[in-house]
Each structure stands twice: as C-alpha cells, then as structure tokens.
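Note that ligands are numbered from 1 as they come in the structure, with each ligand's atoms numbered from 1 the same way. Computed from a predicted structure; not experimentally measured. As a basis for the values below, the full set of heavy atoms in this structure was taken, side chains included, without hydrogen atoms, waters or symmetry mates.
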Amino acid sequence: MAKIKTIGILTSGGDAPGMNAAIRAVTRAGIYNGFSVKGIYRGYDGLISGDIKSFTTENVSGIIGQGGTILKTARSQAFKTPEGRAKAYETIQKEKIDALVVIGGNGSLTGAMLFAQEYDICCIGLPGTIDNDLYGTDNTIGYDTTLNTIMDSVDRIRDTAQSHERIFFVEVMGRDAGFLAQNSAIACGAEAAIIPEDSTDVDQLARFMQRGIRKSKKSCIVIVSESPKCGAMYYADRVRKEFPDYDVRVSILGHLQRGGRPSARDRILAGRTGVGAIEAILQGQRNIMVGDRNNELIYVPLSEAIRKDKPFDKKLIKVLDELSI
Ligand code: F6P
C-alpha cells in the first residue's frame with residue numbers, strides 16, 4: 001500500500017457526546033504528525049456524494065465541549081449496498097484519501113469493515129456510541145455522558161415519585177444492550193433494572209415484585225432497557241393489571257440522552273483514542289478499532305469490535321439487588 005498522506009474523518013450512526021472531541025483529536029494529532037486531514041460530512045452518505053472539506057486545526061477549535069457532531073451524521077442505507085460502497089471508493093480516489101477514521105457504533109464499524117475488505121483502504125474505527133456495546137473496549141465515547149444525563153433525569157423523577165408515592169418505569173436507550181440501564185440504575189439508587197442480558201429465562205418484573213419492595217418502600221424507580229416489545233409501557237401495563245392499587249407512571253427519556261456537553265471522561269477518552277488512531281496509522285495498522293481496556297489503548301480488529309456478545313458483568317445485578325432493599 002502507498003504511503004498514507006491524507007486522512008478522512010467521518011461520524012456515523014447515532015450521534016454521541018464526545019464525537020466532536022474525537023474529531024478534534026484526530027484532526028489535531030493528524031496534522032501534528034504531518035498528515036492532511038479532510039472532514040467528511042453526513043457519514044457514509046457524504047463519502048458517497050463527496051460532501052468533503054479540507055480541515056485545518058481551526059476547523060476544530062472550540063468544539064471540544066459541544067454535543068452532537070459538527071460533521072453531522074447519518075445511518076446510510078446506500079453504504080450497505082455494494083454499489084454504494086463502490087461510489088464511496090470513487091470519492092476516496094478522487095479526494096486522494098488514503099485512510100479513513102470512522103467514529104461510530106456497531107453499524108458504522110460494520111460498514112468500515114466491509115469497505116476495508118472490498119477495497120484497498122486503511123480503515124480505523126473509534127468507538128463512538130452511547131450504548132457501550134462495542135466489543136474490546138471498556139467504554140465507548142458518549143457512554144459516560146449519557147449515564148450522567150440519565151442519572152440527573154432520574155434524580156428529578158425520584159422527587160415526584162416520592163411525593164406521589166408512585167412506581168415509575170423509566171425507559172432508557174441502549175439498543176440491544178443493558179449497560180446504560182444497569183449502571184444508571186446503580187447510579188440513581190433505582191429499585192430495579194430490566195435489561196436484555198437477564199431476560200432469557202427470568203421474568204424480571206415478577207422477580208422484582210416478588211421481592212415485596214412495596215412493603216418497605218412507598219415509591220419505586222425501575223429502569224427499563226428500550227425494547228420494541230417489552231419496554232417501559234409493557235411493564236407498566238402489567239403492573240397496572242396485576243396490582244391495580246399501585247399508582248404507576250412511565251417516563252421514556254428518549255433522545256435527550258444523546259445530547260449535551262460531553263463529560264470529562266468522554267472528552268479524555270476521545271482525546272486518547274483520537275491520538276491512538278493516528279498512532280495506529282503511523283504503525284501501519286489497518287482495519288482496527290482503537291479500544292480502551294484497563295486504561296490502556298488496544299487495537300481490536302473491526303471484525304471483533306462488532307461482535308454482539310460484549311461481556312456484561314452479571315455481578316452488577318447482585319449489586320443493584322443488594323443496594324435496593
Ligand atoms: O445507538 C444509539 C441509539 O441512541 C440507541 O441507543 C437507540 O436504539 C438508537 O440509537 C436510536 O436511533 P435513532 O436516533 O435513529 O432513532
């Protein structure tokens with residue numbers, strides 16, 4: 001492969017707080033190490049259409065504390081097709097981009113992996129998603145901020161839950177993963193969390209109700225991982241039917257979880273992994289995600305990073321159970 005001179009950066013999939021800090025880090029570390037940097041707008045769609053601008057360090061000044069992504073983002077349907085990726089590669093050649101840094105979650109890094117398998121292009125992933133569901137990294141950029149956002153929101157819900165002596169089912173994001181739900185439940189002092197990782201053979205609501213929590217507490221917060229069929233509404237309806245004397249409410253936090261200023265942890269993770277992405281390129285790495293494991297940066301093959309079975313620490317279920325009596 002020819003010497004890498006120009007690096008393209010894009011953000012893709014759901015935006016996550018800290019993506020701007022990551023764009024800044026890759027741009028600055030790239031320029032510091034002698035590369036040209038180009039910002040690609042609107043994710044893979046912008047790569048297909050050529051929505052691209054050369055970046056100097058000024059393009060990324062003042063963005064470290066901003067939520068969202070200055071590069072915009074998209075869930076590109078076109079890039080999922082071989083024809084879309086062929087067009088994207090035409091842009092890569094036209095723009096003389098030698099390496100692509102993709103900041104995004106599972107779907108985005110799957111796209112990067114396919115692209116790298118089909119074409120001679122160095123793809124480096126940065127873990128950017130609130131869901132924390134990428135394999136090979138302890139944390140993803142955006143996860144910590146979102147945990148804090150959920151915690152702040154649930155602290156407020158707790159006030160009204162206590163005043164009215166109600167059970168609240170609070171639905172949080174996470175797609176198919178319960179990292180946000182379980183850890184926010186611990187951080188908020190919630191009475192229970194209902195998560196996909198614990199759903200195979202247990203009726204989590206029945207188990208919670210059997211614990212007789214209402215005998216010791218007048219109000220409860222149950223954090224529920226989003227799910228197309230069994231979200232907060234489903235569980236609230238069940239409680240209304242099975243325990244008609246309980247006063248039940250639902251709060252779906254929705255997209256407010258994705259916005260806001262990134263936490264210090266997310267900014268630092270973005271900075272470290274951004275610099276790590278440029279180091280990876282300098283070392284001749286290809287088709288890897290820069291992960292953070294035990295506070296050390298590691299290079300995880302993209303094919304592994306997108307695995308659906310990131311280990312979930314089941315001990316956290318016991319922690320919440322013991323703390324919520
Ligand atoms: O992957 C991030 C995420 O916020 C998930 O937690 C959620 O399921 C999904 O994106 C929502 O996507 P959209 O913003 O496209 O509705």
Side-chain angles (χ1 to χ4, degrees), residues 10-23 41-46 67-69 71-80 102-113 125-154 169-185 187 193-197 199 223-235 250-263 266 269-270 273 289 291 302 305-310 312:
L10 62 82
T11 48
S12 163
D15 62 317
M19 277 185 164
N20 279 327
I23 294 166
Y41 287 81
R42 298 176 178 79
Y44 292 117
D45 282 345
T69 156
L71 286 176
K72 318 287 181 195
T73 186
R75 298 189 193 283
S76 175
Q77 293 308 313
F79 197 72
K80 287 186 182 158
V102 175
I103 307 165
N106 218 292
S108 310
L109 299 197
T110 303
M113 181 191 73
L126 288 196
T129 166
I130 64 165
D131 301 335
N132 200 30
D133 58 349
L134 286 165
Y135 193 94
T137 188
D138 294 339
N139 293 296
T140 55
I141 298 162
Y143 172 62
D144 180 67
T145 308
T146 297
L147 263 185
N148 279 286
T149 302
I150 296 171
M151 186 182 71
D152 287 346
S153 309
V154 176
F169 287 88
V170 180
E171 185 173 299
V172 301
M173 284 185 168
R175 201 177 285 279
D176 305 317
F179 297 100
L180 281 172
Q182 187 69 28
N183 285 301
S184 66
I194 296 182
I195 53 166
E197 289 80 355
S199 69
I223 309 283
V224 184
S225 271
E226 66 176 341
S227 151
K229 283 199 195 130
C230 306
M233 288 289 190
Y234 164 81
Y235 288 106
V250 170
S251 189
I252 297 174
L253 297 188
H255 286 80
L256 73 80
Q257 296 164 90
R258 285 227 301 255
R261 290 165 62 75
S263 66
D266 277 333
L269 181 61
T273 51
M289 177 191 79
L302 286 173
I306 59 168
R307 276 169 58 165
K308 299 278 184 203
D309 56 347
K310 177 167 178 172
F312 183 90

Seminar exercise, completed: Residue shell for ligand 1, any heavy atom closer than 4.0 Å, reads Arg75, Ile130, Asp131, Met173, Gly174, Arg175, Glu226, His255, Arg258
For this session: May I ask you to check whether over 12 heavy atoms, not counting those of Asp152, lie within 6.0 Å of atom CG?
Result: yes
Exercise. Is a donor on one side and an acceptor on the other found under 3.5 Å between the side chain of Ser184 and the backbone of Met151?
Worked result: no
Exercise. Just by modelled atom types, is the Val224 backbone N or O under 3.5 Å from a matching donor or acceptor in the Glu171 side chain?
Worked result: no
For this session: Check the pair Leu147, Leu180 against side chain to side chain contact (heavy atoms under 4.5 Å, CB included), reporting the backbone distance first and the verdict last.
Result: CA-CA 6 Å; Leu147 263 185; Leu180 281 172; 4.2 Å; yes
Exercise. Distance-only, no hydrogens or angles: does the Gln182 side chain make a donor-acceptor pair with backbone N or O of Phe179 under 3.5 Å?
Worked result: no
Exercise. Judged by atom type as modelled, is there a donor-acceptor pair below 3.5 Å linking the side chain of Arg258 to the main-chain atoms of Asp15?
Worked result: yes
